[in-house]
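All values reported here derive from a predicted model rather than from experimental measurement. The sequence lines fix the lettering, A, B, ..., with proteins before strands; numbering per chain opens at 1.
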Amino acid sequence: MKIERPRGTRDFLPGEMEKRREVESRMRKIAESFGYREIATPTFEHLELFTLKSGEGIVDEMYVFADKSGRELALRPELTAPVMRMFVNECSVMPRPLRFYYFANCFRYERPQKGRYREFWQFGVELIGSDSYLADAEVINLAYQILENLGLEFELQVGHVGILRSLLSPLGNDKASKIMRLVDKGDEEGLLDYMDDIGVGQDLKEKVLSIIDLKGDEGVIDEAKELISFDFTHLENLSGILHELGVEFEFNLGIARGLDYYTGVVFECYAEGLGAQKQVCGGGSYELSSLFGGPKAPSTGFAIGFDRVCEVCNVKAKKDVTIAVISLRGFESHAFRIANRIREKGLRVVVDVMGRSLKKQMSFASEIGADYAVIIGPDEIEKGVVTVKNMETQEQKTLSEEEAITTFLSRTKG
RNA sequence: GCCCGGAUGGGGUAGUGGUUAUCCUCUGGGACUGUGGAUCCCAGGAGCCGGGUUCGAAUCCCGGUCCGGGCCCCA
């Protein structure tokens, strides 16, 4: 009986892994160039960590299970909450701000679709300890640079959930959160129905609807000022610095985010070519630390949908030089020895383990895209040399082992 | 959670109730024990699962599973 892959999961073949690793390493490099350092948290956590504040949306779609002691656990659906848990547990006395990044798999029990899987990878950062607009600017700038570096065509939208939240504060937390969720869904009808149900006044209702429709350049802020008394300095400062950095974006005050813990600036990036799953990055500022029993630590972060990014970017993995050491029958041990010598120089070498004829070994070398074939037989061993064939040019030379290695290394540098 | 469409060797496919399930590709071996991409030969490998209809099911019906797309939601 054949065992199938679980629904919503994927296998990655070597070609695809090479591309994924290339994308991953670029993300790491850029995050590290901003001073972010990698962390890792457990694949599963206490269910409570996610039910506390992440919002219904995510809780309904988690992989939840009980272990043998009856503990309620969940596979992580995202990493912000775990990172903040870790921060509270281990890092509360480290010098602020803290700059962390992660690259890890997450799990959500949803209907799989293009760009949406039950196991998926997120690359994200958290900048912990600052509530300045500068922190938001750095994080948005970093996300922007990563997506730019990968050659993605994308659109960046920036909003601020504080505006709506302050408008809704008279309604109390629960009702406000429910409204935020409806806003996030873009469900205007449901939003109106709900506001009618709970008796929201006409004036407030109109303001909410006006705010969530505000999209565009700085003019949006002026329009918002007409509607609500709110301190827009933070957003204005952020806007100024982003402009100076050449980060292209537009305001969208209707961004509400699916996760409940955002408090201030929020942002999302959309790429083309992914159908409904076009959001490749989302983030914003939040305060989770005190909720998890730690000191107050205003933070900003983002998560990039790694799989989605990989699907639309056309990054190519660099191909390493590959050498096939080919031996005649009875000379296998010589082939193994010479292969090891070449490997010591950091090169990739494959030898035959099928006991194949020279012809088949050549054919195999060709099929796997080897750059050189090194042929070992009685003639070579007797003279203490190797035969090196350039698979592309078909040029063949008799060289000492040292000369052969020099040839390969020069190819690597070129 | 909802809607639509699929599922035949590893990959791509033909086959609308009736021999041994088609073809391409692939994989292994050989022709060919000192030279790759070509050619030829041989071999390997399949109707998602469970139930039903039928003398007989890959084919028709039902359920499940999985895949693709959309809604919803999100990364």
Cationic tip of A:Arg118 above A:Tyr109 ring, under 6.0 Å, 45° of axis: yes
Salt bridge flag under 4.0 Å for residues A:Arg20 and A:Asp307: yes
Just checking, any donor-acceptor pair under 3.5 angstrom between side chains of A:Glu119 and A:Thr9? no
Less than 3.5 Å apart, any donor N or O on the side chain of A:Arg37 or A:Tyr101 sitting next to an acceptor on the other? no
Where the side chain of [X] is concerned, which of [options] is the nearest nucleotide?
X        : options             : value
A:Met354 : B:U35, B:A75, B:G29 : B:G29
A:Gln122 : B:C32, B:C4, B:A75  : B:A75
A:Arg116 : B:G36, B:C71, B:G34 : B:C71
A:Ser363 : B:G36, B:A75, B:U35 : B:G36
A:Met362 : B:U35, B:C32, B:G37 : B:U35
A:Gln113 : B:C72, B:A75, B:U35 : B:C72

Hey, does [X] reach any base, or is it just sugar-phosphate, or nothing, if we go heavy atoms under 4.0 Å?
X        : answer
A:Tyr117 : base
A:Asp307 : nothing
A:Pro378 : base

In whole angstrom, give the distance that lies between atom CE of A:Met27 and atom C1' of B:A75. 11 Å
A:Phe364-B:G36 aromatic stacking (under 5.5 Å, under 30°): no
Assigned partner base of B:U65, Watson-Crick or wobble definition, under 3.5 Å: B:A7
Judged by atom type as modelled, is there a donor-acceptor pair below 3.5 Å linking the side chain of A:Glu268 to the main-chain atoms of A:Ile255? no
Please determine whether a side-chain nitrogen or oxygen atom of [X] lies at a distance below 4.0 Å from atom OP1 or OP2 of [N].
X        : N     : answer
A:Arg111 : B:G1  : no
A:Lys359 : B:G36 : yes
A:Arg356 : B:G28 : yes

Using the C1' atoms only, state how far B:C62 lies from B:G29, rounded to an integer number of Å. 47 Å
Same-atom distance (C1') from B:G12 to B:C26, integer angstrom: 11 Å
Taking O4'-C1'-N9-C4 for purines and O4'-C1'-N1-C2 for pyrimidines, is B:G47 syn (within 90° of 0) or anti? syn
